[in-house]
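Everything on this sheet refers to the single structure shown next.
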There are 2 protein chains.
Amino acid sequence: MNLDIDRVFQALGDPTRRAILDCLSLGPQSVSRLAEPLGVTITAIGQHLQVLEETGFVRTDKVGRVRSCRLESAGFKAVEQWATEHRTAWERRLDTLGRLLVEDTD
Amino acid sequence: MNLDIDRVFQALGDPTRRAILDCLSLGPQSVSRLAEPLGVTITAIGQHLQVLEETGFVRTDKVGRVRSCRLESAGFKAVEQWATEHRTAWERRLDTLGRLLVEDTD
DNA sequence: CATTAAGTGAAGTCGTGGCTTCAGTATCTA
DNA sequence: TAGATACTGAAGCCACGACTTCACTTAATG
């Protein structure tokens, strides 16, 4: 199950979606509980949750009429994998530059 | 110099922009050299480069009529920082779930 | 100096994304 | 069983983003 890295980053590019993740980092929540503090419709949350599920950040589980949402690690791992894969190229590049220039890291 | 994390992730959410970063990981390039393999206009590349500069992924330097582009680390570091900041919350959550049933935790 | 090359700026097109409303469908509760 | 609760699906609105074209500026080159 290979995640689309485009969609993974796009998912994180939305503040409402990151807010959902922050809420869920405190513990599982229902859809309507997520909607309350975020100032958007339940429908909107539902749509965001679909994106977050498809990108491996959230897993949901409907019990009765309530959908319970919790964090999942796949999306997060995809980000970390991208980071580690690119860190080397980055550092090699910046390394090379470091020999030619003064090393000014901010 | 705090980067907007929204824009950082949005920047990475575009395949053309990630392709630009991949090209630059092989070494500095001019705008037109970047445009060649990517099948878009020089203008489009210019617009992407503006985004990548604002999000700390690229630094450019115009010499004569040629703009030379190379990788920068700030954007990359912002991603890694976000990852490390959230890894703990993620792991704690997934940990806790291991011991509990899914239940209302309020 | 004239011509070509490299890039910029402004404007417009087109598709997508985030959001809403509204009309359902289950499910729980009095 | 009636009514409230928790969502879901479809449709539409609107803004923004990726891209183009075209006109332009600036720089290298014969």
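Protein chains get the first letters and strands the later ones, always in sequence-line order, with residue 1 at the start of each.
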Tell me yes or no: between the side chains of T60(B) and R67(B), is some donor less than 3.5 Å from an acceptor? yes
Grab the two heavy atoms, one from V31(A) and one from G46(A), that are nearest each other, plus how far apart they are. CG1-N, 4.4 Å
What integer distance in Å separates D14(B):CG from dG17(C):C1'? 14 Å
Under-4.0 Å salt bridge between E53(B) and R59(B): no
Given DNA chain D, 5'-ward residue of the pair V63(B) and I42(A), judged by closest heavy atom: I42(A)
So what does T43(A) touch, heavy atoms closer than 4.0 Å: a base, only the sugar-phosphate, or nothing? base
Can you give the first and last nucleotides of DNA chain D, 5' to 3', that have an atom under 4.0 Å from a heavy atom of chain B? dA18(D) to dA28(D)
OP1 or OP2 of dT4(C) less than 4.0 angstrom from a side-chain nitrogen or oxygen of R65(B), does that happen here? no
L21(A) side chain reached by F57(A) side chain, heavy atoms, under 4.5 Å: yes
So what does R17(B) hit on the nucleic acid, given a heavy-atom distance under 4.0 Å: a base, only sugar-phosphate, or nothing? sugar-phosphate
Give the rounded distance in Å between these two atoms: CZ of F9(B) and P of dG17(C). 18 Å
Within the structure shown, what part of the strands sits under 4.0 Å from T41(B) by heavy-atom distance: base, sugar-phosphate, or nothing? base
Which whole-number value in Å describes the distance from D6(A) CG to dG15(C) C1'? 16 Å
Using whole Å, what does the distance between atom P of nucleotide dT8(C) and atom NE2 of H48(B) come to? 14 Å
Specify the separation, in whole Å, of atom CG of L34(B) and atom C1' of dG7(C). 13 Å
Specify the residue among Q10(A) and V40(A) whose closest nucleotide of DNA chain C lies further upstream toward the 5′ end. Q10(A)
Electrostatic pair R18(B)-D6(A), nearest N-O below 4.0 angstrom: yes
Closest-nucleotide ordering on DNA chain C, the 5'-leading residue of Q47(B) and R33(B): R33(B)
Do the rings of W82(A) and F9(A) sit parallel, tilted or perpendicular, given the 30° and 60° boundaries? perpendicular
Smallest separation among heavy atoms of E72(A) and V58(A), with atom names: OE1-O, 3.5 Å
Could you work out which one of dG18(C), dG7(C), dT21(C) sits closest to the side chain of V66(B)? dG7(C)
Heavy atoms only, 4.0 Å cut-off, all strands: where does G64(B) land among base, sugar-phosphate and nothing? sugar-phosphate
